[in-house]
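Shown next, in structure tokens, is the structure this report addresses.
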Amino acid sequence: MDFGIRDKPALVVGGSKGIGFEVARQLAAEGCRVAVMARTKTDVDTAVARIRADGGTALGIAADVTNPEQIGDAVRTVTDEYGPPLIVIGQARHQHPGDFADIDDLDAYRASFEAYTMSQIHLLRAVLPAMQAAGWGRFVHIGSATAKEPAGKIHHAVANTTRPSTVGLLKTVSDEYAQYGITVNTVAPGWIETDNALTYLRNHAGVATEEDRRQFLLGQGVRAGRMGKPHEIASLITYLCSEPAGYITGAWIEVDGGLHRSAF
């Protein structure tokens with residue numbers, strides 16, 4: 001299937017590892033000119049080298065998505081090299097575990113809002129004008145299933161409070177920009193086999209072996225009884241960036257092995 005995005009400039013935030021890297025790799029395989037953005041330069045360089053080794057076109061940018069100046073510089077770098085990014089993958093990582101009674105420093109909630117929601121505001125403000133001028137754009141946010149159905153058992157009161165605000169932001173933006181040929185969607189992974197998730201399970205839930213993970217996930221309600229693979233999330237994200245996906249916007253799509261129980 002031809003996704004119709006060959007030569008499109010793409011900016012993948014968090015593209016050096018995990019789901020982000022798989023998205024960058026798949027977009028490059030579709031012929032996109034990909035910019036991999038993450039905070040750690042060595043990780044960025046490694047990701048770019050792997051994409052280029054597979055025949056893809058890629059450049060690397062070491063930047064922090066929570067810093068609006070660095071976001072602006074990153075977008076200008078992509079624009080100078082490839083043209084303005086018309087495909088943008090947004091995400092942010094922030095952890096402050098604990099139940100509500102454990103959170104004494106209320107600035108933890110502000111920091112989480114800055115990381116999850118303000119980062120996407122800064123990113124959208126940097127890329128939407130060029131998409132609007134082009135009459136075409138794709139923005140996909142990698143969120144979390146807990147934004148819709150908070151997971152109390154994993155002790156994330158802060159994230160459960162602030163993640164839903166990002167969903168409200170993106171739904172609003174999708175409504176306002178659909179008329180310009182721009183789609184804005186959220187993909188909500190459940191338990192995905194990334195270094196970050198494996199470390200969390202080991203350090204905070206005492207879950208280290210594959211069988212331990214299976215039992216833990218079944219206990220959490222993951223019907224598949226396993227963690228998802230990063231490429232299983234990336235394949236959906238890549239499709240949402242395609243020309244054939246142009247009538248999908250404002251969507252919240254869970255990829256969670258059956259964790260979410262609502263039929264709608």
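Any value given below was found using the heavy atoms of this structure, including those in side chains, with hydrogens, waters and symmetry copies removed.
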In Å, rounded to the nearest 0.5 Å, how long is the span from [atom1] of [X] to [atom2] of [Y]?
X	Y	atom1	atom2	value
I237	L27	CD1	CG	9.0 Å
F21	T194	CZ	OG1	14.5 Å
I87	T238	CD1	OG1	9.0 Å
Q91	S144	CD	OG	11.5 Å
K229	E193	NZ	CD	3.5 Å
I61	E81	CD1	CD	9.0 Å

Note to self: Taking the ring of W191 and the ring of F216, is the distance between their centroids below 6.0 Å?
What the structure shows: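 Centroid separation for F216 and W191: below 6.0 Å.
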Close side-chain approach of [X] to [Y], heavy-atom, < 4.5 Å:
X	Y	answer
F139	S174	no
V140	V88	no
L169	L124	yes
S235	Q26	yes
M118	F113	yes
P230	I192	yes
R50	T46	yes
L128	V173	yes

Checklist line | Candidate pair D43 and K17, rule salt bridge (charged side-chain N to carboxylate O under 4.0 Å, His left out), full reasoning | finding: CA-CA 8 Å; D43 293 338; K17 292 182 178 179; 3.4 Å; yes
Is the backbone N or O of [Y] less than 3.5 Å from a side-chain atom of [X], with the two atoms forming a donor-acceptor pair by type?
X	Y	value
S112	A108	no
K171	G250	yes
Q70	D64	yes
N185	I248	yes
H141	T186	no
R213	M227	no
N67	E69	yes
R223	L259	no

Looking at every non-hydrogen atom in both residues, tell me the closest pair between [X] and [Y] and how far apart they are.
X	Y	answer
R138	L240	CD-O, 3.3 Å
T162	Y116	OG1-CD1, 3.6 Å
W136	I182	C-CG1, 4.3 Å
I71	A126	CG2-CB, 3.9 Å
Y82	P9	O-CG, 3.5 Å
P84	T79	CA-OG1, 3.4 Å

Next item on the list: Could you check whether the rings of F100 and Y109 sit parallel, tilted or perpendicular, using 30° and 60° as the cut-offs?
Entry: tilted
Can you tell me which residue among [options] is in a side-chain contact (heavy atoms from CB on, under 4.5 Å) with [X]?
X	options	result
M37	V12, T77, V65	V65
T117	T166, V167, L170	T166
R214	L218, D212, L217	L218

Note to self: Run the side-chain contact (heavy atoms from CB on, under 4.5 Å) test on S16 and T42 for me, step by step, so that the C-alpha distance in whole Å, both residues' side-chain angles and the decisive distance to 0.1 Å come before the verdict.
What the structure shows: CA-CA 9 Å; S16 65; T42 53; over 6 Å; no
Checklist line | Salt-bridge criterion met for E232 and R226 (N-O under 4.0 Å) | finding: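 Salt bridge flag = yes for R226 with E232.
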Margin query: Between K41 and D45 (salt bridge meaning N to carboxylate O under 4.0 Å), is one present in this structure?
Written below: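 Looking at D45 together with K41, the answer is yes, because their closest N to O distance falls below 4.0 Å.
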Exceeds 12 heavy-atom contacts within 6.0 angstrom, atom [atom1] of [X]:
X	atom1	answer
E210	CD	no
D195	CG	no
R125	CZ	no

Check: When clusters are formed by joining ILVMFWY residues with side-chain heavy atoms under 4.5 Å apart, either directly or through shared neighbours, do M131 and I121 land in the same one?
Finding: yes
Checklist line | Transitive ILVMFWY side-chain link V23 to W252, under 4.5 Å | finding: no
Item checked: Side-chain donor-acceptor contact under 3.5 Å, T249 with T183 -> no
Item checked: Test log, rule side-chain contact (heavy atoms from CB on, under 4.5 Å), inputs V187 and L236 -> CA-CA 8 Å; V187 171; L236 171 61; 4.0 Å; yes
Next item on the list: Walk me through it: do D256 and V222 pass the test side-chain contact (heavy atoms from CB on, under 4.5 Å)?
Entry: CA-CA 7 Å; D256 59 12; V222 179; over 6 Å; no
Notebook entry, point to check: What do the steps show when you test D54 against I51 for side-chain contact (heavy atoms from CB on, under 4.5 Å), and what is the final call?
Noted result: CA-CA 5 Å; D54 289 338; I51 292 170; 5.9 Å; no
